[in-house]
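Throughout, numbering of the chain's residues begins at 1 and tracks the sequence. Whatever order the structure lists ligands and atoms in, that order sets their numbers, starting from 1.
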Amino acid sequence: MSRYTIDSEGFYGEFGGAFIPEMLVPNIQELQENYENIINSEAFKKEFISLLKNYVGRPSPLYYANNLSTHYNTTIFLKREDVNHTGSHKVNNTIGQVLIAKHLGKKYIIAETGAGQHGVATATVCALMNIKCKVFMGAKDVERQSSNYNRMNMLGAEVIPVTSGSKTLKDATNEALRYWIANPNAYYLIGSAIGPHPYPDMVTKLQSVIGDEIKQQLTNEYQQNKPNYVIACVGGGSNAAGSFYSFLEDEDVKLIGAEAHGKGEETGKSAATLNLGKKGVIHGCMTYLMQNKDGQIKEPYSISAGLDYPGIGPLHAHLYRTNRAQYIPVSDKEALKAAYFLTQKEGIIPALESAHALGVLEKLSFKKKDIVVVTLSGKGDKDIETYIKNSVK
Ligand SMILES: *Cc1c(COP(=O)(O)O)cnc(C)c1O
């Protein structure tokens with residue numbers, strides 16, 4: 001067994017597992033017992049691969065960024081998850097999990113969403129597969145992200161504004177879990193490599209198409225057998241996990257995660273979970289999380305809604321603890337600067353989340369012949385207002 005895969009209880013080293021209320025045990029057990037067989041079945045693979053190709057538009061390009069490479073005096077490739085249908089990597093996971101739900105005979109899907117990206121990806125795939133979909137979204141987020149709220153409604157999803165607590169993602173998650181306990185026939189579709197076992201491993205495997213393609217494209221299109229660096233942003237950690245997975249055993253490939261550092265440590269407004277957090281349980285798994293002295297979850301902050309999460313997937317906690325991967329904090333300002341730089345150098349407007357991965361390029365020094373792959377997790381259309389308001393031209 002690899003040092004970097006889960007054991008039979010769903011632990012990566014000391015992180016992971018399933019810390020869940022008794023009422024959820026049957027649901028989680030059903031998934032634990034079946035997900036690997038389903039993912040490895042010919043029927044699943046055939047449908048998954050076909051949808052990734054014809055619906056999502058995979059393989060996504062591995063783009064040699066000439067202007068960026070010249071500037072940093074190295075060789076930079078961008079893995080273009082931004083060109084996927086619905087504009088990010090999230091759709092890889094939602095297609096996979098909706099197929100798994102169908103194999104389990106589930107009649108409808110529930111999901112939580114913060115900024116609405118995961119909700120839109122879920123509503124999209126549920127429309128495609130003619131399956132009922134209920135999305136829980138904090139009432140405050142419904143207001144802040146009204147265009148995604150409207151998209152989900154147009155796609156036919158039932159969006160439930162959650163008015164408890166701070167009316168944001170954490171409250172939406174609590175409400176979805178409460179609903180799931182009362183309605184065990186639903187399938188709960190988690191949007192990142194987080195949550196109780198088997199979600200982190202399942203989501204990582206569904207997203208590993210990203211790293212598999214990087215490997216193939218480097219070999220076939222550029223005659224390189226592996227990169228020196230793979231860089232990706234980490235919120236819950238799914239696009240990074242999917243980018244890293246194929247390279248975990250290649251110890252000479254440096255794996256770099258970009259954590260959102262918000263306004264910086266001294267302000268207390270950050271979401272750099274591994275750099276600033278401590279070990280604890282959040283949303284069903286043992287991992288790192290942002291907490292105060294009393295062990296209470298500390299509200300994270302990032303300009304980017306997709307990285308504004310107080311926990312991190314357990315695989316990343318393990319890769320951090322074992323030094324297999326390095327996690328670098330990138331501030332709001334640094335991410336904004338990187339977004340403007342990419343836009344003006346390469347004509348690609350990245351998602352604010354992805355801009356954090358690009359921010360790492362300023363912080364490392366590369367050799368001329370290094371092969372550096374940066375995963376561009378999503379496109380920036382949703383962030384244009386923020387970019388204009390915070391222009392760093
Ligand atoms: C949601 C999102 C992220 C963060 O989620 P991960 O699970 O860490 O990948 C990053 N980029 C984009 C574009 C997103 O929509």
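- Nearest to atom 3 (C) of ligand 1 among the protein's heavy atoms is Lys90 NZ, 3.6 Å.
- Using a 3.5 Å distance cut-off with no hydrogens or angles, the side chains of Thr124 and His85 do not pair a donor with an acceptor.
- Between the side chain of Glu251 and the main chain of Arg324, no donor-acceptor pair closer than 3.5 Å is present.
- In terms of protein heavy atoms, atom 6 (P) of ligand 1 is closest to Ser238 N, 3.3 Å.
- Judged by distance alone, the side chains of Tyr188 and Glu112 do bring a donor and an acceptor atom under 3.5 Å apart.
- At least one N or O atom of Asn239 sits closer than 3.5 Å to an N or O atom of ligand 1.
- Salt bridge Glu158/Lys132: absent, no basic N to carboxylate O contact under 4.0 Å.
- Below 3.5 Å of separation, one finds no N or O of Lys382 facing any N or O of ligand 1.
- Ligand 1 has His89 within reach: a non-hydrogen atom of the residue lies less than 4.0 Å from it.
- The single protein non-hydrogen atom nearest to atom 12 (C) of ligand 1 is Ser377 OG, 3.5 Å, given as residue, atom name and distance.
- The N/O atoms of Ser354, backbone and side chain alike, include none that comes under 3.5 Å of an N/O atom in ligand 1.
- Using a cut-off of 4.0 Å between Lys/Arg side-chain N and Asp/Glu carboxylate O, Glu42 and Lys45 are scored as salt-bridged.
- Residue Gly237 has at least one N or O atom closer than 3.5 Å to an N or O atom of ligand 1.
- The proximity of Glu81 to ligand 1, defined as any non-hydrogen pair under 4.0 Å, does not occur for either the backbone or the side chain.
- Applying the 4.0 Å criterion to heavy atoms of Ser192 picks out, from ligand 1, the atoms 6 (P), 7 (O).
- Less than 4.0 angstrom separates some heavy atom of Gly235 from each of these atoms of ligand 1: 8 (O).
- Below 3.5 Å of separation, one finds an N or O of Gly236 facing an N or O of ligand 1.
- Proximity to Gly378 (heavy-atom distance under 4.0 Å) selects the following atoms of ligand 1: 13 (C).
- Checked by atom type and distance alone, the side chain of Lys215 pairs as donor or acceptor with a backbone atom of Ser246 at under 3.5 Å.
- With hydrogens and angles left out, the side-chain atoms of Ser270 and His261 include a donor and acceptor closer than 3.5 Å.
- Using a cut-off of 4.0 Å between Lys/Arg side-chain N and Asp/Glu carboxylate O, Glu30 and Lys106 are scored as salt-bridged.
- Short contacts between ligand 1 and Cys233, defined as distances under 4.0 Å to a heavy atom of the residue, involve ligand atoms 10 (C).
- Salt bridge present: Glu14 and Lys279 bring a charged side-chain N and a carboxylate O closer than 4.0 Å.
- Checking Tyr309, Phe15, Tyr327 one by one against Tyr288, the ring pair (Phe, Tyr, Trp, His ring centres under 6.0 Å) holds for a single residue, Phe15.
- Taking every non-hydrogen atom of Gly306 and a distance limit under 4.0 Å, the qualifying atoms of ligand 1 come out as 4 (C).
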